[in-house]
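What follows is a single structure, written as structure tokens, with notes after it.
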Amino acid sequence: MRSETAPQGIDGSRAARKDEHVDLALGQQGDAGRNEFDDLDFVHQALDGVDAERVDLGVGIAFGAGPQHAAGRWRWETPFYVNGMTGGTERTTRINRELAIAARETGLPMACGSVSVALDEPDAARGFSVIREENPDGFVMANLGVGRPASDAPRAVELLGANALQVHVNAVQETAMPEGSRDFSSWIASIEQLAAASPVPVIVKEVGFGLSRSALRHLSEIGVGIADVGGRGGTDFLKIENARRPAGEYAMLAGFGQSALASLLDAPQGAPALLASGGVRSPFDVVKALAAGAQAVGVAGAFLAAIGRDGEPGGAERLVALVNDWKLRTRAVYALLGAATRDDLLATDLILRGRLREFCADRGVD
Ligand code: FNR
């Protein structure tokens, strides 16, 4: 991830940081324990189930027109996708290659990590273009950090022949980085400019601290049609940045932010189309996010773990097997819940517990 505009190299090059992020994120997978997905249950209806064969896992994500693209609707055959992670170094280029092969073989939409390194250092471009080479017909999302110049939007899209552009917001991560930004005052204007310059729809995404009701309202007001609420409880960039320096000065912020489920349940009327990510560990978490209002669900760390830290051949096969298993089990859980489609999941009875319940009560969510 960024800092996109801050000087590089204070604690090593941007390339070294990309490799380090992979190692530290994978280190966290081992201790992936409880999170707020465990605070949501379904009321079991013993006689309302449907035939798994009849389940349609496909989802439709509608978006409004932008200055440079018409309104439309993406149809994705699977309700989960590979979220933005990496690219640009030798190791992360191999990882992207394996991810892209798996995305091609399973039909999953796929995002890459921030392409800013490739826009600044053309040698790094192959770390991203490899995704389109391996998956010429798939749905691919480019990724940029907020604060980048508007002219980067079409460059990022062109680099991958991307169908959409993720713009990530990461104020908590920036705060924990000594070289990170401390001025977030122009972020709404920056998103507006990037969206105006993008030839494809923009998805604004948090990187693991959630999008509040107010943030989603701001995005609607400036015409952003799709948001990934990217909540707390999975890969933790506060921990990652604290681990990268001995003092760990911002460990005091541990637990900051909202989970994906809290963000979804708190979303206002008229919010952008909602994607959800952050802490998705299993197909059951996917279904929970869909039932709470997500149109589709992003997975990063759990899929990276299947590929492995070095991106050696064999990673794609492991991820294909995992994704196929997730599809099968997602279908089975839909059937158990009596849902033939994603929209049917919205009619399930949810029970909230613990911190998620407290958050919803405090926010007046019913
Ligand atoms: C990320 N993530 C990320 N997001 C983004 O928008 N741009 C980026 O460059 C990166 N880089 C990155 C590197 C690595 C190694 C990981 C694991 C993740 C964040 C990612 O998209 C997601 O929001 C979080 O990882 C939370 O999801 P999971 O991992 O809990 O499924």
Side-chain angles (χ1 to χ4, degrees), residues 1-4 14-15 17-33 35-37 80-89 91-92 95-96 99 109-119 124 127-128 141-148 156 164-174 177 194 202-211 227-241 243-244 257-261 263 275-282 285-286 289 294 296-311 322 326:
M1 228 172 303
R2 353 176 302 151
S3 176
E4 311 272 15
R14 180 155 51 172
R17 193 169 65 213
K18 300 246 171 203
D19 286 350
E20 237 181 316
H21 279 169
V22 167
D23 290 337
L24 290 167
L26 283 175
Q28 290 182 2
Q29 280 298 304
D31 45 57
N35 67 25
E36 262 174 53
F37 281 102
F80 52 89
Y81 59 93
V82 182
N83 219 346
M85 282 183 269
T86 201
T89 66
R91 193 140 78 79
T92 59
I95 291 174
N96 270 349
L99 287 169
M110 172 181 168
C112 63
S114 175
V115 304
S116 60
V117 63
L119 301 183
F128 300 91
M141 296 169 258
N143 184 299
L144 271 181
V146 66
R148 291 289 300 193
L165 174 65
Q166 291 186 328
V167 174
H168 70 253
V169 292
N170 64 336
V172 181
Q173 183 192 13
E174 293 288 336
M177 295 166 74
L194 286 164
V202 158
I203 301 166
V204 171
K205 96 179 258 290
E206 239 294 344
V207 302
F209 303 94
L211 289 176
D228 176 346
V229 296
R232 168 174 56 74
T235 303
D236 182 342
F237 271 90
L238 186 62
K239 254 194 196 157
I240 287 179
E241 296 306 342
R244 291 179 61 238
Q258 292 90 255
S259 67
L261 286 180
S263 303
L275 308 178
S277 65
V280 175
R281 304 154 298 176
S282 74
D285 292 343
V286 169
V297 180
V299 184
F303 287 170
L304 181 64
I307 296 287
R309 71 182 288 279
D310 288 323
L322 182 71
W326 278 42

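Whatever order the structure lists them in is the order used to number ligands and atoms, beginning at 1. Just so you know, these numbers use all the heavy atoms, side chains as well, and skip hydrogens, waters and symmetry mates. Note that this is a predicted model, so its numbers are computed, not measured.
- At least one N or O atom of A300 sits closer than 3.5 Å to an N or O atom of ligand 1.
- With sequence neighbours left out, the side-chain hydrogen bond (donor to acceptor under 3.5 Å, both in side chains) criterion links T86 to no other residue.
- Although no hydrogens or angles enter the test, the distance criterion places no donor-acceptor pair under 3.5 Å between the side chain of N143 and the main chain of G113.
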### Task
Give the C-alpha distance, both sets of side-chain angles, the deciding distance and a yes or no for salt bridge (Lys or Arg N to Asp or Glu O under 4.0 Å) between D23 and R91.
CA-CA 11 Å; D23 290 337; R91 193 140 78 79; 3.0 Å; yes

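- With sequence neighbours left out, F128 forms a ring-ring contact (aromatic ring centres under 6.0 Å, His included) with no residue at all.
- Note: no N/O pair closer than 3.5 Å links G298 and ligand 1 by distance alone.
- Using a distance-only test at 3.5 Å, with no hydrogens or angles considered, a donor-acceptor pair links the side chain of D236 to the main chain of K239.
- No side-chain donor-acceptor contact under 3.5 Å links T92 to the backbone of I95.
- Proximity to G279 (heavy-atom distance under 4.0 Å) selects the following atoms of ligand 1: 28 (P), 30 (O).
- With respect to E241 and R244, a salt bridge is recorded, a charged nitrogen being found less than 4.0 Å from a carboxylate O.
- Contact analysis leaves F303 out of contact with ligand 1, as no non-hydrogen atom separation drops below 4.0 angstrom.
- Contacts of T235 with ligand 1, taken as heavy-atom pairs under 4.0 Å, involve both backbone and side chain.
- At under 3.5 Å, not a single nitrogen or oxygen of Q166, backbone or side chain, sits near a nitrogen or oxygen of ligand 1.
- Considering both main-chain and side-chain atoms, G301 comes within under 3.5 Å of ligand 1 through a nitrogen or oxygen pair.
- Taking all heavy atoms of G234, A302, G278 into account, the minimum distance to atom 27 (O) of ligand 1 is reached by G278.
- Considering backbone and side-chain atoms alike, G84 places an N or O below 3.5 Å from some N or O of ligand 1.
- Side-chain N or O atoms of R232 include one that pairs as donor or acceptor with a backbone N or O of G257 at under 3.5 Å.
- Near N83, with a cut-off below 4.0 Å to any heavy atom, the atoms of ligand 1 are 21 (O).
- Heavy atoms from both the backbone and the side chain of S114 come within less than 4.0 Å of ligand 1.
- For the pair N143 and ligand 1, the shortest N or O to N or O distance falls below 3.5 Å.
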